[in-house]
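Below: the structure, in structure tokens.
What you see below is based on every heavy atom in this structure, not just the backbone, and it leaves out hydrogens, waters and symmetry mates. If you're wondering where the values come from, they're calculated on a predicted model, not measured in any experiment.
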Amino acid sequence: MLLDFSSEIYAWIRGALLFVATYSLILYFFNKRSQYLYYSLFLYCFFLYFLKNISHGLLESSYEYINFSLLFFGLAAYIAFSRDVLETKKKIPEWDQLLVLSMRFIFVFAFVFIAIQILLGYSYQEKLFIFLMPIIAVFTILTYIVLTKIEGKHVTFFIIGSLSYLLLAFTSYLLKQVLEENYLESMGIQPKFLMYVGAIVEIIMTAFLLGNKLKLFEQNKIKAELELASKTKEMADLKMTVLQTQMDPHFLYNSLNSINNFVLQHDKEKASDYITKFSRLIREVLKNSANLTISLEDDLGTLGLYIKLEQMRMTDGFDYIVTIDESINLREIQVPPLFMQPYIENAIWHGFNNKKDYKKISLSIYDEEDNIRCEIIDNGVGIKESEAKAAKYKSDRKPFGLKASEDRIKLLHENQKVYVIIEDISDFKETGTKVTIKFPKKIL
């Protein structure tokens, strides 16, 4: 069985070489990674080399010209494959230069063998091959030693695979020269059987190598995605901080303006009471400003302080009604500080501006499975009327906090399942504005 190159075991090994070579070539055409091209060329060379023993006639005689050349072309392709897959140019740059020189040296000698056959004959090819074998062996051993500097299992797989093939190939040739071919055949073994076994071992180890590289690639990809997500989160947090630092002075300015108006219009006792409440509000704002999020319970408390001040400031005041679903645990819900305050402020400064009759703001918070829905409804003049008055009197007061607040709640939840809708609910009987804010209960 091991004597006949036409037997099934030899045919299966040659078929495996051809299959893997073709598969590698297809992979190259799809992803354009040169390592697959080099490996494919390496396998094709040795597949053609193994066909020598089942060829006949003119094809058989042609192997006198290409026999050793195929081995050297394949070896050159294998060195190119190793440089690519092991990244020697980056990991061991000085030795990589020697690999490039050796690859060129071997490639040139592949043509030298053909020239020797034409000029001198096959026996001189064998002499040159025997002369070059020790040189290649020494350089190969030195290369394996240097490769151990590269970390990773893929290097181990490469050394085992390539070393197994080279040792078995050299052993096959040396045994044939030392013990004579007939001696091995008398034991029922073809000398080249060792080369066939080495080729299979090399293919298996290369499969492990590429599998390990793919695993590392996936791990690095996941790591990079996690790092990107972390950096994205940091950028979002930074942007939220910037928005918050822009929003707090805006809020404080309006509050101080309210104090000024109140002091001018009321007696000292009420002014003192207002300032006392304002100091409590400032303390809460400063305490919360150090955090990107606070509990919804704390935010509603701070919002309540702000609204009490505005009720005191505004002539005839306004009613503030809060309705919260009992199923909501306000301590567990995290929100940006003062995220609803700009909408309340907008209702007071724009909706109630010059409104003489009854004024009311209602805040309703609903539990909707995995989401929280907040509705702020006022009976002010409405969006259209407010915009018309602002245009008429050329008001420069702009609702800066609205956009900042919307951006903060969206950034907190990475803009997923978050929406903010401001709509005019005015009709021929009543006027007003409705703000709907919906966001997930939990932060991703």
Side-chain angles (χ1 to χ4, degrees), residues 229 232-252 254-255 280-310 320-349 361-378 399-423 433-444:
T232 303
K233 184 66 168 60
E234 289 179 10
M235 290 296 293
D237 290 347
L238 180 60
K239 188 173 181 179
M240 283 185 66
T241 302
V242 171
L243 289 171
Q244 190 164 308
T245 56
Q246 289 177 315
M247 190 171 131
D248 288 346
H250 172 80
F251 163 72
L252 294 175
N254 286 342
S255 298
R280 287 178 55 198
L281 175 62
I282 293 302
R283 184 169 61 248
E284 291 298 316
V285 170
L286 293 176
K287 181 180 72 174
N288 296 333
S289 65
N291 304 312
L292 290 175
T293 62
I294 60 173
S295 69
L296 183 55
E297 181 181 52
D298 291 341
D299 194 55
L300 288 174
T302 306
L303 182 62
L305 284 174
Y306 167 75
I307 289 173
K308 286 180 181 178
L309 291 173
E310 292 291 58
Y320 174 59
I321 302 169
V322 180
T323 305
I324 303 173
D325 280 355
E326 295 181 358
S327 60
I328 298 176
N329 187 337
L330 297 177
R331 287 187 175 275
E332 293 183 352
I333 309 301
Q334 293 292 308
V335 295
L338 292 173
F339 84 106
M340 287 189 290
Q341 182 272 336
Y343 303 102
I344 302 289
E345 178 188 44
N346 194 60
I348 296 170
W349 283 90
I361 296 177
S362 63
L363 170 61
S364 302
I365 302 177
Y366 301 100
D367 186 349
E368 294 187 348
E369 297 182 353
D370 296 330
N371 299 305
I372 296 294
R373 179 165 58 87
C374 303
E375 288 186 354
I376 303 170
I377 300 176
D378 68 73
F400 162 79
L402 300 183
K403 184 66 170 62
S405 187
E406 180 177 347
D407 288 344
R408 289 195 303 153
I409 192 68
K410 286 184 176 180
L411 282 170
L412 181 63
H413 295 280
E414 298 181 2
N415 208 24
Q416 296 184 15
K417 297 181 180 179
V418 175
Y419 68 79
V420 178
I421 299 176
I422 303 176
E423 52 188 324
T433 302
K434 176 181 177 181
V435 179
T436 303
I437 307 171
K438 186 175 180 180
F439 57 91
K441 289 181 181 179
K442 296 181 179 181
I443 301 173
L444 298 176

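Using a 4.5 Å cut-off on side-chain heavy atoms (C-beta onward), Ile377 and Ser362 make contact. You'll find the side chain of Tyr343 reaches within 4.5 Å of the side chain of Ile422, heavy atoms only. With a 4.5 Å cut-off on side-chain heavy atoms, Phe439 and Val420 do not count as touching. Residues Ile443 and His413 are in side-chain contact: their nearest non-hydrogen atoms beyond the backbone lie under 4.5 Å apart. Inter-residue side-chain proximity for Tyr320 and Leu303 is flagged as met; some heavy-atom pair is nearer than 4.5 Å. Looking only at side-chain heavy atoms (C-beta outward), Lys287 and Glu284 come within less than 4.5 Å of each other. Looking at Leu281 and Lys308, their side chains never come closer than 4.5 Å, going by heavy atoms from C-beta outward. Here the side chains of Lys438 and Ile421 are not in contact, with every heavy-atom distance at 4.5 Å or above.
Scanning both residues, Asn371 and Pro440, for their nearest heavy atoms gives OD1-CA, 3.4 Å.
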How far apart are the C-alpha atoms of Leu363 and Leu300, what are their side-chain angles, what is the distance that settles it, and do they pass the side-chain contact (heavy atoms from CB on, under 4.5 Å) test? CA-CA 10 Å; Leu363 170 61; Leu300 288 174; 3.8 Å; yes

Worked check of side-chain contact (heavy atoms from CB on, under 4.5 Å) between Asp370 and Lys442: CA-CA 8 Å; Asp370 296 330; Lys442 296 181 179 181; over 6 Å; no

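A donor-acceptor contact shorter than 3.5 Å links the side chain of Lys441 to the backbone of Glu369. Asp367 places no side-chain N or O within 3.5 Å of a backbone atom of Asp325 that could act as its donor or acceptor partner. Checking side-chain atoms of Arg408 against main-chain N and O of Pro337 turns up a donor-acceptor pair under 3.5 Å.
The side-chain hydrogen bond (donor to acceptor under 3.5 Å, both in side chains) search around Ser295 returns Asp298, not counting sequence neighbours.
Annotation: the span from Glu310 atom CD to Ile361 atom CD1 amounts to 9.0 Å, rounded to 0.5 Å. To the nearest 0.5 angstrom, Phe339 atom CZ is 5.5 Å from Ile437 atom CD1. Rounding to the nearest 0.5 angstrom, the gap separating the CG atom in Leu402 from the CG atom in Asn346 is 4.5 Å. The SG atom of Cys374 sits 9.5 Å away from the CD1 atom of Ile333 when rounded to the nearest 0.5 Å. We find the CG-CG distance between Asp299 and Leu338 to be 5.5 Å, quoted to the nearest 0.5 Å. Distance check: Leu412 CG to Gln334 CD gives 8.5 Å after rounding to the nearest 0.5 Å.
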